[in-house]
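Just below is one structure, and these are the notes that go with it.
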Amino acid sequence: MSNESLHLTVLGCATPYPSPDNPCSGYLVSSGTTRIWVDAGSGTLGPLQRHVRLDELDAIWISHLHADHSADLLTAYYGALFADIRLPAPIPLYGPAGIADRLADYLTNSPDRSPVEAAFQITELHDGHRATVGSLRLTSRAVAHGMPAFAVRIEAAGTSLVYSGDTAPCPALTELAEGCDVLLCEAESAKAPTEGEQVHHTPEDTGDTARAAGVGRLIVTHVGRFLTPRQAVTRASARFDGPVEYAAPGTTFTIGPATPAVA
């Protein structure tokens, strides 16, 4: 496995709460010496440390502020400031508007606001936000989840990964994923709602988004409690002719134009 390849390690993908063997949403994306924690859902800080310590992270990127995508920022704060970690500088943290005060509101236990900025150097995302983190280039787009939420395209050395975050099918996600090597896309809903706003993909939607974007490979993640991973993959495969896999916890995928291998 080349260290210069783009790698995706699944820390967890459960929703809306962790299973005994599956934390909530969290991924480690790496290339060379660059490492980004993408979503910090409940329980993901533990498996993250099999691969990287907090003080070795180059950045954290958060899709939205539901607990199953962000709650482990709270324990990361304590780990970064009050334990055996000595940060050389606050960890760059990219997330939706209001993320700093949201963390501080939970963490503050006295009249003084908790110093979340001592642990995290916070940048608020907006539609079209771009950032360079080490060898990785990140482009974020606002997506349709009934609250401020983002998807991200991560590129390095001619390879590309797009992560949907949580979202209903929407043009922004399809545009962001156009021609990418791998689309990591949620399939939370067993069926689309008959009333109210749709805020997640069904497996069929996941396949449709992958097909419309012309992606090379689809990895189905964030499968809801009323589906099995096999059902989600089978249903997505009925709409997308390319390779379709499941984001099994603990799996590391190597991403490239012609590298469908799983490590």
Side-chain angles (χ1 to χ4, degrees), residues 1 6-30 35-54 56-57 60-80 83 85 145 149 151-152 154 161-167 182-191 199-203 205-207 210 217-237 243-255 260-263:
M1 183 187 300
L6 188 60
H7 304 294
L8 166 69
T9 298
V10 182
L11 306 174
C13 63
T15 175
Y17 61 95
S19 302
D21 57 353
N22 187 9
C24 287
S25 290
Y27 310 89
L28 176 64
V29 177
S30 60
R35 289 162 289 197
I36 302 177
W37 186 10
V38 175
D39 272 352
S42 307
T44 57
L45 179 56
L48 176 74
Q49 294 171 86
R50 296 192 182 107
H51 308 277
V52 61
R53 296 185 329 206
L54 286 171
E56 296 172 329
L57 285 169
I60 303 170
W61 184 94
I62 299 296
S63 64
H64 65 291
L65 295 181
H66 280 151
D68 60 337
H69 293 257
S70 65
D72 266 20
L73 290 176
L74 302 172
T75 46
Y77 165 84
Y78 286 110
I85 298 295
H145 192 48
V152 65
I154 303 175
L161 162 71
V162 171
Y163 168 51
S164 66
D166 278 7
T167 178
V182 170
L183 171 61
L184 176 67
C185 191
E186 66 118 300
E188 194 276 342
S189 296
K191 59 183 180 180
V199 295
H200 287 287
H201 277 62
T202 66
D205 293 330
T206 301
R217 182 175 165 202
L218 173 62
I219 300 174
V220 176
T221 193
H222 205 55
V223 174
R225 296 275 169 168
F226 299 101
L227 289 165
T228 67
R230 177 171 296 195
Q231 288 171 336
V233 167
T234 299
R235 288 169 56 175
S237 297
V244 181
E245 298 158 90
Y246 168 62
T251 303
T252 294
F253 297 89
T254 299
I255 297 169
V262 177

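All values below were derived from every heavy atom in this structure, side-chain atoms included, with hydrogens, water molecules and symmetry-related copies excluded. Residues take their numbers from the sequence shown, with the count starting at 1.
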Rounded to the nearest 0.5 Å, what separates atom [atom1] in [X] from atom [atom2] in [Y]?
X: E56; Y: Q49; atom1: CD; atom2: CD; answer: 10.5 Å
X: H145; Y: E188; atom1: NE2; atom2: CD; answer: 8.5 Å
X: C13; Y: D39; atom1: SG; atom2: CG; answer: 12.0 Å
X: L48; Y: L54; atom1: CG; atom2: CG; answer: 6.5 Å
X: T221; Y: E186; atom1: OG1; atom2: CD; answer: 9.0 Å
X: I36; Y: Y27; atom1: CD1; atom2: OH; answer: 15.0 Å

At their closest point, which heavy atom of [X] faces which heavy atom of [Y], and how far apart are they?
X: L218; Y: A236; value: CD2-CB, 4.1 Å
X: T206; Y: A187; value: OG1-CB, 3.6 Å
X: G41; Y: T44; value: O-OG1, 2.8 Å
X: T202; Y: K191; value: CG2-C, 3.6 Å
X: A14; Y: S19; value: CB-N, 4.1 Å
X: A232; Y: V220; value: CB-CG1, 4.0 Å

Candidate pair V223 and Q231, rule side chain to side chain contact (heavy atoms under 4.5 Å, CB included), full reasoning
CA-CA 9 Å; V223 174; Q231 288 171 336; over 6 Å; no

Please say which of I62, V29, D72 ends up in a side-chain contact (heavy atoms from CB on, under 4.5 Å) with W37.
D72

Run through L184, I219, L6, I154 and flag the one making a side-chain contact (heavy atoms from CB on, under 4.5 Å) with I255.
L6

For D68, give me all partners under side-chain hydrogen bond (donor to acceptor under 3.5 Å, both in side chains), at least two apart in sequence or on another chain.
T15

Under the side chain to side chain donor-acceptor pair (under 3.5 Å) criterion, do T9 and T252 qualify, and how do the steps go?
CA-CA 4 Å; T9 298; T252 294; 2.8 Å; yes

Stepwise, does the side chain to side chain donor-acceptor pair (under 3.5 Å) test hold for D166 with H66?
CA-CA 10 Å; D166 278 7; H66 280 151; 5.0 Å; no

Please name all residues satisfying ring-ring contact (aromatic ring centres under 6.0 Å, His included) with Y246, sequence neighbours left out, ordered by chain then number.
none

Which class fits the ring pair H222 and H200: parallel under 30°, tilted 30 to 60°, perpendicular over 60°?
tilted

Ring-plane angle category for Y163 and W61, please: parallel below 30°, perpendicular beyond 60°, tilted otherwise.
perpendicular

With heavy-atom distances below 4.5 Å as the criterion, would you say the side chains of P249 and P47 are in contact?
no

Evaluate the side chain to side chain contact (heavy atoms under 4.5 Å, CB included) criterion for residues H201 and T167: first the C-alpha distance (whole Å), next the side-chain angles of each, then the deciding distance (0.1 Å), finally the verdict.
CA-CA 7 Å; H201 277 62; T167 178; 3.9 Å; yes

Look only at the side chain of R235 and the backbone of A190, and say whether a donor-acceptor pair between them is shorter than 3.5 Å.
yes

